[in-house]
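I have placed the structure first, in the form of structure tokens, so that the comments after it can refer back to it.
We name chains A, B, ... by the order of the sequence lines, and we start the count at 1 in each one.
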There are 2 protein chains.
Amino acid sequence: MRRTHRIVTILSMAPGERVTVYGWVRTKRDSKNVCFLELSDGSSFRNLQVIVDKAEEEKSPVIDSITTGASVEVTGTLAASPGKNQSIELQADSLKLIGEAPAESYPLQKKRHSFEFLREIAHLRPRTNTFGAVTRVRNQLSWAVHRFFQEQGFIYVHTPLISTSDCEGAGEMFQVTTLPLEKVPLKEGKIDYSQDFFGKRASLTVSGQLEAEIYASAFSDVYTFGPTFRAENSNTTRHLAEFWMIEPEMAFCDLAGNMELAEAFLKNILSSVLEHCSEDMKFFNQWVEKGIIDSLEKVIDTPFTHMSYTEAVQALKTGKTNFEFPVEWGSDLQSEHERFLTETVCKGPVIVTDYPKEIKAFYMKLNDDGKSVAAMDVLVPRLGEIIGGSERESRLSVLEQRIHDTGLNPEEYWWYLDLRRFGTVPHSGFGLGFERLIQYVTGMQNIRDVIPFPRTVGNAAF
Amino acid sequence: MRRTHRIVTILSMAPGERVTVYGWVRTKRDSKNVCFLELSDGSSFRNLQVIVDKAEEEKSPVIDSITTGASVEVTGTLAASPGKNQSIELQADSLKLIGEAPAESYPLQKKRHSFEFLREIAHLRPRTNTFGAVTRVRNQLSWAVHRFFQEQGFIYVHTPLISTSDCEGAGEMFQVTTLPLEKVPLKEGKIDYSQDFFGKRASLTVSGQLEAEIYASAFSDVYTFGPTFRAENSNTTRHLAEFWMIEPEMAFCDLAGNMELAEAFLKNILSSVLEHCSEDMKFFNQWVEKGIIDSLEKVIDTPFTHMSYTEAVQALKTGKTNFEFPVEWGSDLQSEHERFLTETVCKGPVIVTDYPKEIKAFYMKLNDDGKSVAAMDVLVPRLGEIIGGSERESRLSVLEQRIHDTGLNPEEYWWYLDLRRFGTVPHSGFGLGFERLIQYVTGMQNIRDVIPFPRTVGNAAF
């Protein structure tokens with residue numbers, strides 16, 4: 001047994017065809033002689049309307065046991081639908097109940113539920129309209145990311161999740177251990193990590209970039225797409241402890257090449273969602289964030305503005321005076337500044353480059369002015385920063401100096417420095433938080449609602 | 001700056017074209033008037049041969065500073081090659097050294113290195129022939145997995161990595177914590193997990209299956225492809241503490257449908273590697289595992305045999321008597337048994353079904369005989385088990401009984417049981433360990449050599 005037709009396919013089939021459909025009942029409506037079932041198998045935002053002739057079905061009690069949430073098998077003939085919401089419907093001549101969903105206990109009744117409530121039943125929320133749409137958009141974006149890079153010959157690299165390397169700055173990392181916490185073994189007053197699984201203190205990664213640079217130094221163009229972790233105590237609508245990141249890294253590529261790729265990438269994956277998830281996007285456009293389709297189309301159609309950080313600070317200082325956070329050359333741009341730049345100053349996407357070295361990571365290429373680095377942040381209306389990246393420092397001596405100046409331990413970076421010792425090349429890359437992207441594309445306000453099972457402070461259920 | 005041509009593309013371009021190429025020097029050979037460079041950019045197993053006229057280049061010292069591992073930029077004209085190993089070569093008229101690789105310190109000289117040595121320099125081994133080929137095959141298999149499922153309308157689900165749920169059997173799991181191990185907070189003599197990040201004891205997942213079932217109960221066909229973890233103290237050539245798994249899950253699908261999909265899936269991704277990584281596969285065929293291409297082609301061309309566990313035990317008992325582990329109905333099949341079944345009894349891939357319930361997981365569908373479950377293991381020559389799966393128990397009362405009989409706590413499974421309470425459907429799925437698959441496809445003996453940065457007992461470097 002395996003179903004042969006998905007509902008998304010059936011919806012574009014011709015009247016007269018006979019099909020067997022499997023799915024879950026979303027709603028049931030009775031008239032005197034006929035029962036209407038809205039059937040979903042998750043393949044499309046639209047449901048398949050099934051018409052059951054009650055006279056015929058009276059022989060069996062099946063129609064009465066069917067409620068919202070029940071699973072059924074229906075065989076029948078497709079017919080043109082007189083209804084305004086669909087062009088095709090299924091006239092059932094056989095209807096089987098597979099699994100009941102008792103109305104008195106099934107939590108997903110027809111009425112609307114709050115997202116807060118649905119988070120408590122994250123195992124059932126995929127069956128709702130909103131989470132159905134979010135899931136299909138998330139799937140389409142994942143697929144588009146892989147396709148974009150694969151079609152250009154990028155190599156997908158699975159960078160490690162667990163690491164004993166201290167390269168990432170241990171500040172907000174989760175520790176991974178098999179030591180018994182009831183009785184942590186000590187040796188000379190210190191934790192005896194020789195008894196831990198990896199023989200050293202181990203943590204969950206916060207980024208695959210440094211390892212991606214290793215692979216870019218052999219395969220030129222690579223990308224990662226995997227989970228990353230942040231043990232940040234931030235209970236906001238934009239933070240997750242476990243989230244997915246996309247990090248391309250390109251050898252023989254400077255900041256200009258990096259900006260070009262970031263723009264092409266973003267436009268490509270946004271187009272792909274508008275094209276392949278049009279029903280889902282109409283739903284978000286109507287019910288979640290009015291005008292969102294327009295706003296994405298504008299990003300796709302507009303050439304991104306380029307602007308240096310210095311120019312950006314200038315524009316912010318002359319443009320507006322009542323920011324919550326004051327702007328001075330050297331200070332980090334806040335969300336309010338980013339949005340002002342993209343929404344008001346540039347009226348479209350803008351890439352801000354060449355930030356002060358003090359507010360960016362040690363691995364970014366030092367510019368000739370000695371003050372700024374070849375960083376780039378891609379800002380879009382409604383959100384602010386969507387992509388952050390840079391050209392990497394490929395000069396051994398400059399990188400060593402930066403590691404020293406930042407107070408890091410050069411010995412921990414021996415392999416990272418080796419990439420500059422042996423066949424170093426100009427290279428660049430960027431990172432994109434996948435859940436922030438989905439929030440941006442769908443308009444969903446809370447990041448907990450764009451990942452199947454959110455992990456946040458105090459919550460890792462399911 | 002961004003390179004416009006990859007070497008894999010250049011190798012099939014026509015003589016006469018002018019190109020600029022970026023890459024790393026694999027070897028350098030000098031004759032009296034000419035210098036030959038073998039150049040790699042990682043895009044292909046084959047290198048591009050570059051011819052430099054020494055007379056012209058004598059002006060600059062660049063040719064002398066170029067050694068194995070150096071990065072260069074070359075501009076020139078493509079010409080038909082007289083050599084037997086390539087059809088096209090590049091006649092350089094400009095040659096720039098980008099980054100040196102001093103011969104006295106660069107660890108990757110021309111001689112062959114042991115895989116053990118290369119594991120110590122996992123940041124440089126991607127630049128070798130073997131790891132180049134492994135990486136391209138790994139990338140192609142990843143892409144083929146996504147493409148196979150996406151083309152059939154499966155939804156990619158990112159199941160969670162960190163979990164506070166006890167559903168998976170806590171035996172060999174890594175603990176994830178932000179508690180200070182120097183001073184674990186206690187409350188009434190027990191660890192005070194209310195102070196831990198998630199407010200409960202949290203671990204790294206060993207499988208995404210149960211969560212995939214949630215999504216299959218809304219989207220019908222779904223798959224996961226992500227990292228999983230096992231804190232097993234197994235120092236073998238087949239075990240990793242961190243590895244990638246592929247787990248499709250299909251609603252409205254019984255064991256027969258599951259077997260059909262597994263066979264189609266395996267054949268599809270194997271074909272894709274033979275087609276798109278032919279140079280890499282020739283390398284493995286010649287240097288790593290003789291006859292491997294033939295053996296994969298046979299799997300692709302042969303219809304898989306089906307055989308029940310009971311039949312398999314019968315065949316093992318009559319077929320051969322000197323197994324290390326004796327075979328009786330009820331005992332688990334060992335690797336030697338699996339290989340005998342596929343290599344000697346069936347002379348090709350075989351799917352063994354309906355194992356005794358005692359040796360399989362609680363969630364597998366109980367057969368009508370009350371003794372066996374609707375499990376399936378796909379066995380292939382050279383390896384034994386490559387895929388394990390089952391139809392899942394979709395009947396609430398039977399599943400509750402199985403949870404009880406297995407000694408598990410039903411309260412932990414409230415959401416898993418809910419899937420059987422509300423619109424339950426027959427559903428099936430299987431799992432495939434990605435690194436084992438790559439070992440099988442490449443013939444690489446040690447699993448540490450098919451993942452970029454292996455995590456094993458005592459090692460999580462880089």
Side-chain angles (χ1 to χ4, degrees), chain A residues 1-3 6 22 24 41-43 69-71 98-99 101 106 123 126-127 139 142-143 146 150 153 155-158 160-164 174-178 181 184 191 197-199 202 214-215 218-220 227 231 242 244 252-254 257 415 418 422-425 452-453 455 458 460, chain B residues 1-3 6 22 24 41-43 69-71 98-99 101 106 123 126-127 139 142-143 146 150 153 155-158 160-164 174-178 181 184 191 197-199 202 214-215 218-220 227 231 242 244 252-254 257 415 418 422-425 452-453 455 458 460:
Chain A
M1 170 208 190
R2 191 150 180 249
R3 72 194 176 123
R6 300 157 65 218
Y22 299 91
W24 291 269
D41 67 357
S43 64
S71 49
I98 300 177
Y106 187 53
H123 63 308
R127 306 178 184 193
N139 172 67
S142 301
W143 175 228
H146 280 298
Q150 290 290 335
I155 295 276
Y156 180 31
V157 181
H158 291 122
L161 285 290
I162 301 175
S163 181
T164 52
F174 289 104
Q175 183 166 0
V176 176
T177 183
T178 53
L181 262 56
V184 176
I191 296 162
F197 191 90
F198 297 107
I214 288 175
Y215 272 71
F219 300 92
S220 308
E242 174 183 316
W244 286 64
F252 312 109
C253 177
D254 62 10
W415 52 267
D418 263 8
F422 307 123
T424 190
V425 293
F453 304 97
R455 272 71 182 101
Chain B
M1 171 210 189
R2 192 149 177 251
R3 70 196 176 120
R6 301 157 63 220
Y22 299 91
W24 291 268
D41 66 359
S43 65
S71 50
I98 301 175
Y106 187 54
H123 64 307
R127 307 179 184 192
N139 172 66
S142 301
W143 176 227
H146 280 297
Q150 291 289 337
I155 295 278
Y156 181 30
V157 181
H158 292 123
L161 284 291
I162 301 175
S163 180
T164 51
F174 288 104
Q175 183 166 2
V176 176
T177 183
T178 53
L181 262 57
V184 176
I191 296 163
F197 190 89
F198 297 107
I214 289 175
Y215 272 72
F219 300 92
S220 308
E242 174 183 317
W244 286 65
F252 312 108
C253 177
D254 62 11
W415 51 269
D418 265 6
F422 307 122
T424 189
V425 294
F453 304 97
R455 273 72 181 100

Segment of [X] engaging chain A (4.5 angstrom heavy-atom cut-off):
X         : value
Arg6(B)   : side chain
Val425(B) : both
Pro160(B) : both
Gln150(B) : side chain

Could you report the tightest heavy-atom contact between [X] and [Y], atom names first, then the distance?
X         : Y         : answer
Pro126(B) : Ile214(A) : CG-CG2, 4.1 Å
Arg455(B) : Ile162(A) : NE-O, 2.7 Å
Gly423(B) : Trp24(A)  : O-NE1, 2.9 Å
Gly257(A) : Arg2(B)   : O-CD, 4.1 Å
Leu161(A) : Glu242(B) : N-OE2, 2.7 Å
Thr177(A) : Leu181(B) : OG1-CD2, 4.4 Å

Please confirm whether the backbone N or O of [Y] pairs with a side-chain atom of [X], one donor and one acceptor, at under 3.5 Å?
X         : Y         : result
Thr164(B) : Ala460(A) : yes
Asp254(B) : Met1(A)   : yes
Asn139(A) : Tyr156(B) : yes

Q.
Quick check on the interface: out of Ile155(A), Thr178(A), Ile98(A), who has the most heavy-atom pairs with chain B under 4.5 Å?
A. Ile155(A)

(Q) Can you tell me which of Ala231(A), Gly199(A), Ser220(A) forms the most heavy-atom pairs within a distance under 4.5 Å of chain B? (A)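 Counting heavy-atom pairs under 4.5 Å, the top option is Ser220(A).
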
Q. Do the non-hydrogen side-chain atoms of Ser142(A) and His158(B) ever get within less than 4.5 Å of each other?
A.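 Yes. Closest side-chain heavy atoms under 4.5 Å.
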
Is [X] close to chain B through its backbone or its side chain, or both, or neither, when contacts mean heavy atoms under 4.5 Å?
X         : value
Val176(A) : both
Ala70(A)  : backbone
Arg3(A)   : both
Ile191(A) : side chain

Q: Would you check if the distance from the ring center of Phe174(B) to the ring center of Phe174(A) is below 6.0 Å?
A: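 That pair fails the under 6.0 Å test.
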
Q: Could you label the plane-to-plane angle of the Phe453(B) and Tyr215(A) rings as parallel, tilted or perpendicular, counting under 30° as parallel and over 60° as perpendicular?
A: perpendicular

Q: Among Tyr22(B), Trp143(B), Tyr106(B), single out the residue with the greatest number of heavy-atom pairs under 4.5 Å to chain A.
A: Trp143(B)

Q) Among Pro227(B), Gly42(B), Ser43(B), Ala218(B), which has the most heavy-atom pairs under 4.5 Å with chain A? A)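 If we count pairs closer than 4.5 Å to chain A, Ala218(B) comes out on top.
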
